[in-house]
Colleague: 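Submitted below is the structure of interest, expressed as structure tokens.
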Amino acid sequence: MPRALVTGAAQGLGSEIARRLVGLGYEVVVHGRDAARTEVALAAAPGAAGSVTGRLDSLASTRLLADDARGRGPYDVIIHNAALGPDESRQVFTEDGLDRVLQVNVVAPYLLSALLNLPRRIVFVGSDAARAGRPLVDLEVPQPWDGHQVYADSKLLLTMLAFELAARHTDRPINIVHPGWVRTRMGGPRATLPLSDGADTPVWMATSDEAVARRGGQYVHKRRAEAAPPGAHDAALRAALVDRLADLTGEHLR
């Protein structure tokens, strides 16, 4: 049976994605940021094959998570879903001196990608907020700090990371999905899409044999590739981002 790792699986999209993959016969390893959240993730996806626990807001904890996850692999699919949303009330710096939103949403997926064996498919869960993002490849956030803007910045940088990985590994589908405005805790009660709609395309991209799902380097919404934010196609910007992430983490992408 194929094996999948889903980060941020304790609630919302991650929980629904994990549950659906279990239903499709996948051996699913779910992730929670602490022991309590991991138990919630396991309860939400009955039949999951296992779990990993770890915070994504520090390099040290992300490394420990990668070690744990590696021991439960290898994976056919990794879905990078864990993220902080746009409603953070103030800027917080992590123990590594980074903006916490950028660390969780960009640095952690990079570090996991560098430390884990490359799976057959990778799906990054992005956002159409990326279209309003700034390419902060130095990971320095201009002041005044605005949570909605930094969230958009983080999703643009994540899109650039996904496209860079896809460019390096053209033999496998590595893509980013923007699920739309989904009624989750992050999306809020006024969001237009039910959770089932938001989870549909990430799961489809992880499992389908249809043409779009078998290609890489795409920005996908509702099972269709859309035009990506311009920064995703800028090889020089992507290289500058990856260089900064490599310097910061000491790890290089394969």
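Numbers here are sequence positions counted from 1. As a basis for the values below, the full set of heavy atoms in this structure was taken, side chains included, without hydrogen atoms, waters or symmetry mates.
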Colleague: Measure from the side-chain N and O atoms of Asn105 to the backbone N and O of Ser154, and report whether any donor-acceptor pair falls under 3.5 Å.
Modeller: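 Between the backbone of Ser154 and the side chain of Asn105 there is no qualifying donor-acceptor contact (under 3.5 Å).
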Colleague: For the OG atom of Ser58 and the CD atom of Gln103, what is their distance to the nearest 0.5 Å?
Modeller: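 Ser58 OG to Gln103 CD: 6.5 Å, rounded to 0.5 Å.
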Colleague: Gln218 vs Asn175, test: side-chain hydrogen bond (donor to acceptor under 3.5 Å, both in side chains). Steps then yes/no.
Modeller: CA-CA 5 Å; Gln218 301 171 107; Asn175 294 288; 3.2 Å; yes
Colleague: Could you walk me through whether Val6 and Tyr75 pass the side chain to side chain contact (heavy atoms under 4.5 Å, CB included) test, one step at a time?
Modeller: CA-CA 10 Å; Val6 182; Tyr75 302 100; over 6 Å; no
Colleague: Is there a donor-acceptor contact under 3.5 Å from the side chain of Arg70 to the main chain of Leu116?
Modeller: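 Answer holds: no.
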Colleague: Between the side chains of Glu95 and Arg55, is the shortest nitrogen-to-carboxylate-oxygen separation below 4.0 Å, so that they form an ion pair?
Modeller: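 Salt bridge between Arg55 and Glu95, a charged N being under 4.0 Å from a carboxylate O: no.
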Colleague: Between Arg244 and Val137, is there a side-chain heavy-atom distance shorter than 4.5 Å?
Modeller: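 No, side chains not in contact.
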Colleague: I need the minimum non-hydrogen distance between Leu158 and Gly126, along with the two atoms involved.
Modeller: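 Looking at all heavy atoms of both residues, the closest pair is CD2-CA, 4.4 Å.
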Colleague: Can a donor-acceptor pair be found, under 3.5 Å and without considering hydrogens, that links the side chain of Arg3 to the backbone of Pro74?
Modeller: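 No; judged by distance alone, with no hydrogens or angles, the pair does not exist.
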Colleague: What I'd like to find out is whether the side chain of Phe124 reaches to under 4.5 Å of the side chain of Ile174, using heavy atoms alone.
Modeller: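 Side chain of Phe124 against side chain of Ile174, heavy atoms only: contact under 4.5 Å found.
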Colleague: Given the rule that I, L, V, M, F, W and Y join up when any side-chain heavy atoms are under 4.5 Å apart, are Leu115 and Leu118 in one cluster?
Modeller: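 Looking at the clustering, Leu118 is in the same group as Leu115.
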Colleague: Are Leu248 and Leu156 grouped together when hydrophobic residues (ILVMFWY) are joined by side-chain heavy atoms under 4.5 angstrom apart?
Modeller: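 In one cluster with Leu248: Leu156, yes.
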Colleague: Under 4.5 Å between side-chain heavy atoms, hopping through other hydrophobics if needed: is there a path connecting Leu136 to Phe93?
Modeller: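 No, it is not one cluster - the side chains of Leu136 and Phe93 are not joined through contacts under 4.5 Å.
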Colleague: Spell out, yes or no, whether Trp145 and Leu84 are grouped together once hydrophobic residues are joined by side-chain heavy atoms under 4.5 Å, including indirect joins.
Modeller: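 Linked, Trp145 and Leu84 end up in one cluster.
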Colleague: When you measure from the side chain of His252 to the backbone N and O of Ala246, does any donor-acceptor pair fall under 3.5 Å?
Modeller: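 Not a single qualifying donor-acceptor pair exists.
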Colleague: A side-chain contact here means heavy atoms from C-beta on lying under 4.5 Å apart; do Leu13 and Pro179 qualify?
Modeller: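 Yes, close enough: below the 4.5 Å cut-off.
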Colleague: Would you check if the side chain of Arg33 reaches a backbone N or O of Thr53 as a donor-acceptor pair within less than 3.5 Å?
Modeller: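 Absent.
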Colleague: Would you say Ile17 and Val123 make side-chain contact, with heavy atoms under 4.5 Å?
Modeller: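 A side-chain contact under 4.5 Å is absent here.
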Colleague: If you apply the rule side chain to side chain contact (heavy atoms under 4.5 Å, CB included), what do you find for Asp234 with Met160, and how did you get there?
Modeller: CA-CA 8 Å; Asp234 190 320; Met160 293 164 60; over 6 Å; no
Colleague: Give, for atom CG of Leu111 and atom CD of Glu251, the distance between the pair rounded to the nearest 0.5 Å.
Modeller: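 Here the rounded value is 6.5 Å.
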Colleague: Would you give the length of the straight line joining atom CG of Asn81 to atom CD of Gln11, rounded to the nearest 0.5 angstrom?
Modeller: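 One gets 9.5 Å once the value is rounded to the nearest 0.5 Å.
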Colleague: With distance as the sole test, does Thr7 use its side chain to make a donor-acceptor pair with the main-chain N or O of Ala82 at under 3.5 Å?
Modeller: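 Indeed, once roles are kept as given, a pair shorter than 3.5 Å links the two residues.
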Colleague: Nearest 0.5 Å, what's the OG1-CG distance between Thr94 and Asp57?
Modeller: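 Answer for the OG1-CG pair, Thr94 versus Asp57, is 7.0 Å.
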Colleague: In terms of the angle between their ring planes, are Phe163 and His233 parallel, tilted or perpendicular, with boundaries placed at 30° and 60°?
Modeller: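 Ring orientation of Phe163 relative to His233: perpendicular.
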Colleague: Could you tell me if the side chain of Ile122 sits less than 4.5 Å from the side chain of His80, heavy atoms only?
Modeller: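 His80 reaches Ile122 side chain to side chain.
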Colleague: Run the ring-ring contact (aromatic ring centres under 6.0 Å, His included) test against Tyr110 and tell me which residues pass, sequence neighbours left out.
Modeller: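 Per chain and number, Tyr110 pairs via ring-ring contact (aromatic ring centres under 6.0 Å, His included) with no residue.
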Colleague: Considering only heavy atoms from C-beta outward, does the side chain of Gln91 approach that of Asp99 to under 4.5 Å?
Modeller: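 In contact.
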Colleague: If you look at every heavy atom in Val125 and Ile176, which pair is closest and at what distance?
Modeller: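 The answer is C-CG1, 4.5 Å.
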Colleague: Any idea which heavy atoms bring Pro173 and Arg120 closest together, and the distance?
Modeller: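 Residues Pro173 and Arg120, closest heavy atoms: CD-O, 3.4 Å.
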Colleague: Looking at Arg37 and Asp34, is there a salt bridge between them, counting it only when a charged N and a carboxylate O are closer than 4.0 Å?
Modeller: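 No.
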Colleague: Report the distance from atom CG of Leu24 to atom OG1 of Thr207, rounding to the nearest 0.5 Å.
Modeller: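 That separation rounds to 5.5 Å.
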Colleague: Considering only heavy atoms from C-beta outward, does the side chain of Leu161 approach that of Leu253 to under 4.5 Å?
Modeller: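 Contact flag for Leu161/Leu253 side chains = yes.
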Colleague: Let's go through Met205 and Arg121 carefully: what are the C-alpha distance in whole Å and the side-chain angles of both, what is the deciding distance for side chain to side chain contact (heavy atoms under 4.5 Å, CB included) to 0.1 Å, and is it a yes or a no?
Modeller: CA-CA 9 Å; Met205 289 297 292; Arg121 296 190 191 196; 5.8 Å; no
Colleague: Please check if any side-chain donor atom of Thr38 sits under 3.5 Å from a side-chain acceptor atom of Ser51, or the reverse.
Modeller: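 No, because no side-chain N or O of Thr38 sits under 3.5 Å from a partner of the opposite role on Ser51.
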Colleague: What is the minimum heavy-atom distance between Gly231 and Leu237, and which atoms define it?
Modeller: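 The pair with the smallest heavy-atom distance is CA-CD1, 4.5 Å.
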Colleague: For a quick test of reading the model, state the closest non-hydrogen atom pair linking Gly216 to Ala166 and the distance between them.
Modeller: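 It is C-CB, 4.2 Å.
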Colleague: Sequence neighbours excluded, which residues qualify as salt bridge (charged side-chain N to carboxylate O under 4.0 Å, His left out) partners of Arg223?
Modeller: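 Result, salt bridge (charged side-chain N to carboxylate O under 4.0 Å, His left out) vs Arg223: Asp200.
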Colleague: Nearest 0.5 Å please: distance from the CG atom of Asp146 over to the CD atom of Glu88.
Modeller: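 The CD atom of Glu88 is 12.0 Å from CG of Asp146, to the nearest 0.5 Å.
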Colleague: Would you say Leu241 and Leu139 make side-chain contact, with heavy atoms under 4.5 Å?
Modeller: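 Side-chain contact under 4.5 Å: yes.
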Colleague: Assess whether side chain to side chain contact (heavy atoms under 4.5 Å, CB included) is satisfied between Trp204 and Val177, documenting all intermediate values.
Modeller: CA-CA 10 Å; Trp204 184 77; Val177 171; over 6 Å; no
Colleague: Give me the atom names and distance for the closest heavy-atom approach of Val77 to Ile79.
Modeller: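 For Val77 versus Ile79, the nearest heavy atoms are CG1-CG1, 3.9 Å.
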